[in-house]
Amino acid sequence: MKRGRRREQAGSPRAPAVAARAAETRAALVSAARRLFIEKGYFATGTEEIVVAAGVGTRGALYHHFEDKRALFLAVFEQVEQDLIAAAGDIPPVGGAFDVLRGGLLGFLDASLTPEVQRVLLIDGPAVLGWQEWRELEERYGLGVIRSLLELAVSDGTLPPQPIDALAHVLLAAVDEAALFIANADDKQAAKEQAVGTVDRLLRGLATPAE
């Protein structure tokens, strides 16, 4: 009988409202955690503080949606990655596919100075998630985009034909390391200028020479 009642409740007119409230609670937790992780860092932020900032009552609400604080951080990490990709997609394309790729990679290095990218993706990300999972996430969000643009660049002639998979991995690793160099530098602005110049020279050396 109990199981039958649960099924009736799940299919009742109230179910969409319950699901909407659950989605709102989850979004409030991610939003509050994102703000606190950026301001204070993951390790200095407590779960009770997140719950209060989110206005969701007790920590039971947090653990209903996330296994633990690390799982909540992962949700914040992925949200920042998605926002970064969306922002890059809003930039009007200029030139061929290789120019678009170059602009996106150098734009990521510019974004590495922003508090959320610097703190969530580059400083706390490897420490909280571990190097292996951090690299897997970077590949999930960055590798496919880089590979697609490299394929387009070969097709439109702005990049000479070459092994695309190998080059995509090398460029992702180069940009990730450059971003970490910026995030961990004492003078971040100077480090960013050095990293952008270095990566830009690397990319320009790959492009098909203009006739």
Side-chain angles (χ1 to χ4, degrees), residues 30-31 33-38 41-43 45 66-91 93 97-154 159 162-185 188-189 191-206:
V30 173
S31 178
R34 179 171 175 165
R35 185 176 71 254
L36 289 168
F37 290 158
I38 292 168
Y42 173 86
F43 297 102
T45 301
F66 301 97
E67 182 180 355
D68 51 24
K69 189 172 77 163
R70 183 184 184 279
L72 176 56
F73 177 83
L74 178 58
V76 171
F77 184 98
E78 292 189 303
Q79 188 181 80
V80 173
E81 285 277 17
Q82 291 161 5
D83 288 349
L84 195 58
I85 291 173
D90 290 338
I91 300 173
F98 193 79
D99 293 319
V100 175
L101 173 63
R102 174 175 165 268
L105 294 179
L106 297 181
F108 173 66
L109 295 183
D110 283 333
S112 67
L113 284 180
T114 63
E116 60 183 2
V117 171
Q118 195 171 118
R119 169 61 72 175
V120 175
L121 298 190
L122 300 175
I123 296 176
D124 283 350
V128 176
L129 303 174
W131 185 258
Q132 176 95 17
E133 186 172 0
W134 181 80
R135 282 293 298 162
E136 288 173 357
L137 286 166
E138 287 296 293
E139 288 185 7
R140 182 192 308 170
Y141 286 100
L143 192 61
V145 175
I146 293 174
R147 184 188 289 114
S148 296
L149 286 171
L150 288 174
E151 290 172 347
L152 288 173
V154 170
L159 179 71
Q162 54 194 287
I164 295 299
D165 281 342
L167 182 56
H169 278 87
V170 167
L171 290 180
L172 177 64
V175 173
D176 277 346
E177 283 298 323
L180 290 171
F181 169 73
I182 296 168
N184 291 285
K188 291 176 172 51
Q189 182 62 43
K192 194 266 289 187
E193 293 173 2
Q194 293 170 9
V196 166
T198 299
V199 172
D200 194 23
R201 286 190 293 273
L202 172 65
L203 293 170
R204 289 182 181 278
L206 294 169

### Steps toward side chain to side chain contact (heavy atoms under 4.5 Å, CB included) verdict (Leu152, Leu159)
CA-CA 9 Å; Leu152 288 173; Leu159 179 71; over 6 Å; no
### Query
Taking Thr114 for the side chain and Ala111 for the main chain, is one N or O donor matched with an acceptor at less than 3.5 Å?
yes
### Which atom of Ala33 lies closest to which atom of Val76, heavy atoms considered
CB-CG2, 4.0 Å
#### Entry: Contact check, side chains of Leu171 and Leu101, non-hydrogen atoms, under 4.5 Å
yes
### Task
For Phe73, check ring-ring contact (aromatic ring centres under 6.0 Å, His included) against everything at least two apart and list the hits.
Phe37, Tyr42
### Closest approach of Val30 to Ala75 (non-hydrogen atoms, all atoms of both residues)
CG2-CB, 4.2 Å
### Task
With sequence neighbours excluded, tell me which residues meet salt bridge (Lys or Arg N to Asp or Glu O under 4.0 Å) with Glu78.
Arg140
### Summary
Note: Leu180 and Leu122 closest approach over all heavy atoms is CD2-O, 3.3 Å
## Note on the structure
side-chain contact (heavy atoms from CB on, under 4.5 Å) filter on Ala168, not counting sequence neighbours, yields Leu143, Ile146, Arg147, Leu150
### Task
With sequence neighbours left out, write down each residue that passes side-chain contact (heavy atoms from CB on, under 4.5 Å) with Asp200, or none if nothing qualifies.
Arg102, Leu106, Arg204
### Message
Please enumerate all residues that pass salt bridge (Lys or Arg N to Asp or Glu O under 4.0 Å) together with Glu81, with sequence neighbours excluded.
### Response
none
### Message
Restricting to non-hydrogen atoms, name the atom on Ala178 and the atom on Leu109 that form the minimum distance, rounded to 0.1 Å.
### Response
CB-CD2, 3.8 Å
### Message
Do Val80 and Ile38 make a side-chain contact, defined as non-hydrogen atoms from C-beta onward lying under 4.5 Å apart?
### Response
no
### Sequence-distant partners of Arg35, side-chain hydrogen bond (donor to acceptor under 3.5 Å, both in side chains), two or more places apart
none
### Close side-chain approach of Leu84 to Leu121, heavy-atom, < 4.5 Å
yes
#### Entry: side-chain hydrogen bond (donor to acceptor under 3.5 Å, both in side chains) partners for Gln162, two or more places apart
none
### Task
Kindly write out the residues that satisfy side-chain contact (heavy atoms from CB on, under 4.5 Å) with Gln189, not counting sequence neighbours, or none if the list is empty.
Leu113, Asp187, Lys192, Glu193
### Distance in Å, Glu139 CD paired with Leu172 CG, rounded so as to fall on 0.5 Å steps
6.0 Å
### Query
Would you say the side-chain atoms of Lys69 pair up with the backbone N or O of Thr45, donor to acceptor, closer than 3.5 Å?
yes
### Query
Do Phe98 and Leu149 come within less than 4.5 Å of each other through their side chains, counting heavy atoms only?
no
### Task
Kindly give the heavy-atom pair with the smallest separation between Leu202 and Ala174, and that separation in Å.
CD2-CB, 4.3 Å
#### Entry: Close side-chain approach of Val128 and Leu74, heavy atoms under 4.5 Å
no
### Task
Just grab all the side chain to side chain donor-acceptor pair (under 3.5 Å) pairs involving residues 167-179, residues at least two apart or on different chains.
Arg135-Asp176
### Query
Which residues satisfy the side-chain hydrogen bond (donor to acceptor under 3.5 Å, both in side chains) test with Glu67, sequence neighbours excluded?
none
### Query
Can you name the side-chain hydrogen bond (donor to acceptor under 3.5 Å, both in side chains) partners of Gln79, sequence neighbours left out?
Arg34
### Task
Give every residue pair that meets the salt bridge (Lys or Arg N to Asp or Glu O under 4.0 Å) criterion with at least one member in residues 118-129, sequence neighbours excluded.
Arg119-Asp124
### Task
Locate the shortest heavy-atom distance separating Ala179 from Phe108; write the atom from each residue and the value.
CB-CE2, 3.6 Å
